[in-house]
Participant: 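The structure that follows is given in the form of structure tokens.
In what follows, chains are A, B, ... by sequence order, proteins preceding strands, each numbered from 1. When reading the values below, keep in mind they use all heavy atoms of this one structure, side chains included, and skip hydrogens, waters and symmetry mates.
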There are 2 protein chains.
Amino acid sequence: MTVRRQPNPNSESVDNYLKAILALGGPEENRVASNALAQRLGVAPASVTNMLQKLAAGLPPLVEYERHRGVLLSDAGKRRALEVVRHHRLIETFLYEVLNYPIEEVHEEAERLEHFISERFEERIEAKLGYPKMDPHGHCIPAMDGRMPKENSVPLTHVVRKATVVVDSISDRDAAIVKLLRTTGIVPGAQLRVRGRHADGGHDVSIGSSVKVYHLSPEAADAVKIHPPP
Amino acid sequence: MTVRRQPNPNSESVDNYLKAILALGGPEENRVASNALAQRLGVAPASVTNMLQKLAAGLPPLVEYERHRGVLLSDAGKRRALEVVRHHRLIETFLYEVLNYPIEEVHEEAERLEHFISERFEERIEAKLGYPKMDPHGHCIPAMDGRMPKENSVPLTHVVRKATVVVDSISDRDAAIVKLLRTTGIVPGAQLRVRGRHADGGHDVSIGSSVKVYHLSPEAADAVKIHPPP
DNA sequence: CATCGATCTTAGGCGTACCTAATACTTAGG
DNA sequence: CCTAAGTATTAGGTACGCCTAAGATCGATG
């Protein structure tokens, strides 16, 4: 007698697919293309198709998937994705605040641990931290029920003329950039004067009232998210 | 062109096999039988044979394995096993001391997380805890280089006549027993008077100078490790 | 010292998550 | 509106860690 199993919805891989779909879909929750997922996850496009079919066939389905038209998170998928994001951001905050990690190291550790902590761990570090609303990069931490203020920040690369803006958050995916920005003083809440823009997409900026001008590479500028200009 | 890979020595499974061999081999580092491993790990004996062959074939080999004669840890295997035990015990201590986990819940969480924490995490929680020598169950925490005082405690079940003994440590593998013992006051360092022994292997004991007598099931008595009698 | 029962190993399979190569679909340009 | 380029899917294969069933080995006992 063979027991037929549902595709296991509790794996690290599944978590990562769901998180990537959430991130790439953006606040508008657009359909996400297989290729974009493949690139973000560092796997072959064929692997993505394969996984999406499994996720769509699960009980409950975690995504809505139509061949050639990209993928959307289902309610269950979104719930799980936000749960993982919540884990990630609570862990980052915990590593930074309680264990005194350097800011540029929190992401990698959180990326590993987010899949394995229990509800109890989640609850206990949240309490220890005093129920924080933000992680150290300036990202909102989803509530236990998955609710989270809508994100409306834009990358600094979208600022095309001289302007004064306020840093909302920093993308944590590249440790070297996180470290550079931290050292430069470009942190959530900082005021930034955009002095000019290079052909390559880089920016010249000053911080606060300082006259010193820093040049940011296109990648660094893209990692800086600012409050939307009026 | 096919790239031939070494068996991956970094997996959760491998960790668990090495830990089990370390535990079952005891302080004398006896050869461990496949069946014993299978039972402890909850897998089929065939799976054990399979894994042992891979572990022995790795570079470096993690075990010394001869068909039908059981298995021993190699130096590299012992190093890794002690590293995982160190992780486990540091995490347990951390959960108990810093996150105020109930004692009976630390084991399960540590069992999951021990495979995924980085060197940095290990180092930081150790520092936060003030370089503890013991976990909350009374087990020694191996040093970073793998050194650890030799264990010489014996289970309470080995005490066959009336005697007064001191609790060394508590096995953490069964949460219900851990909770029971904690509630009863049977904790590392406690003095125990063994009043009598039942045919089934259970014990009647009193704690400290109290006259109250508790009956311990064979399983509970086996989970209590005491300092060796003189 | 032969045999039986326990223990261990081999053989053959499965599910997951990945891969490459070949094929199919979509869509933008001519 | 048709086709080429780009994107996506199918087909077939791998490594890992597990399984069951069948066969080999060991060792205690008659």
Participant: Could you work out which one of D:dA8, C:dC18, C:dT7 sits closest to the side chain of B:Asn35?
Facilitator: C:dT7
Participant: So, does B:Ser13 get its side chain near the phosphate of D:dC18, meaning an N or O under 4.0 Å from OP1 or OP2?
Facilitator: yes
Participant: What I want to check is whether the side chains of A:Glu64 and A:Ser74 have a donor and an acceptor closer together than 3.5 Å.
Facilitator: no
Participant: Check for me whether the distance between the ring centres of A:His215 and A:His198 falls short of 6.0 Å.
Facilitator: yes
Participant: Five pairs at each end of the helix from C:dC1-D:dG30 to C:dG30-D:dC1: take the axis at both ends and give me the angle between them to 10°.
Facilitator: 20°
Participant: Is B:Glu66 close to B:Arg31 at the side-chain level, that is, under 4.5 Å between some pair of heavy atoms?
Facilitator: yes
Participant: Please report the distance, rounded to the nearest Å, between CG in B:Leu37 and P in C:dT7.
Facilitator: 14 Å
Participant: Under 6.0 Å between ring centres, would you say that holds for A:Phe116 and B:Phe116?
Facilitator: yes
Participant: Will you find, in the side chains of B:Asp222 and B:Thr157, an N or O donor that is under 3.5 Å from an N or O acceptor?
Facilitator: yes
Participant: Determine, for A:Arg86 against A:Glu114, whether the closest basic-nitrogen to carboxylate-oxygen distance falls under 4.0 angstrom.
Facilitator: no
Participant: Mind calculating the distance between CE (B:Met51) and P (D:dC19) to the nearest angstrom?
Facilitator: 11 Å
Participant: Over how many whole Å does the gap from B:Asn16 atom CG to D:dG17 atom C1' extend?
Facilitator: 12 Å
Participant: Looking at A:Ser47, I'd like to know whether one of its side-chain N or O atoms comes within less than 4.0 Å of OP1 or OP2 on C:dC19.
Facilitator: yes
Participant: With sequence neighbours left out, write down each residue that passes side-chain hydrogen bond (donor to acceptor under 3.5 Å, both in side chains) with A:Glu111, or none if nothing qualifies.
Facilitator: A:Lys19, A:His88
Participant: I need the minimum non-hydrogen distance between A:Ala110 and A:Leu95, along with the two atoms involved.
Facilitator: N-CD1, 4.2 Å
Participant: Counting side-chain heavy atoms from C-beta on, which of D:dC19, D:dG17, C:dA17 comes nearest to B:Lys54?
Facilitator: D:dG17
Participant: Kindly say if A:Tyr17 contacts the phosphate of C:dT16, meaning a side-chain N or O under 4.0 Å from OP1 or OP2.
Facilitator: no
Participant: Can you name the atoms? Protein N/O to nucleotides 9-13 of chain D N/O, anything below 3.5 Å, with the distance.
Facilitator:
residue, atom, partner, partner atom, Å
D:dT9, OP1, A:Tyr65, OH, 2.3
D:dT9, OP1, A:His68, N, 2.9
D:dT9, OP2, A:Ser34, OG, 3.0
D:dT9, OP2, A:Thr49, OG1, 2.7
D:dT9, OP2, A:Tyr65, OH, 3.4
D:dT10, OP2, A:Gln53, NE2, 2.4

Participant: Can you tell if the side chain of B:Leu62 reaches within under 4.5 Å of the side chain of B:Tyr17, non-hydrogen atoms only?
Facilitator: no
Participant: Just how far, in rounded Å, is C1' of D:dC16 from CG of B:Leu55?
Facilitator: 12 Å
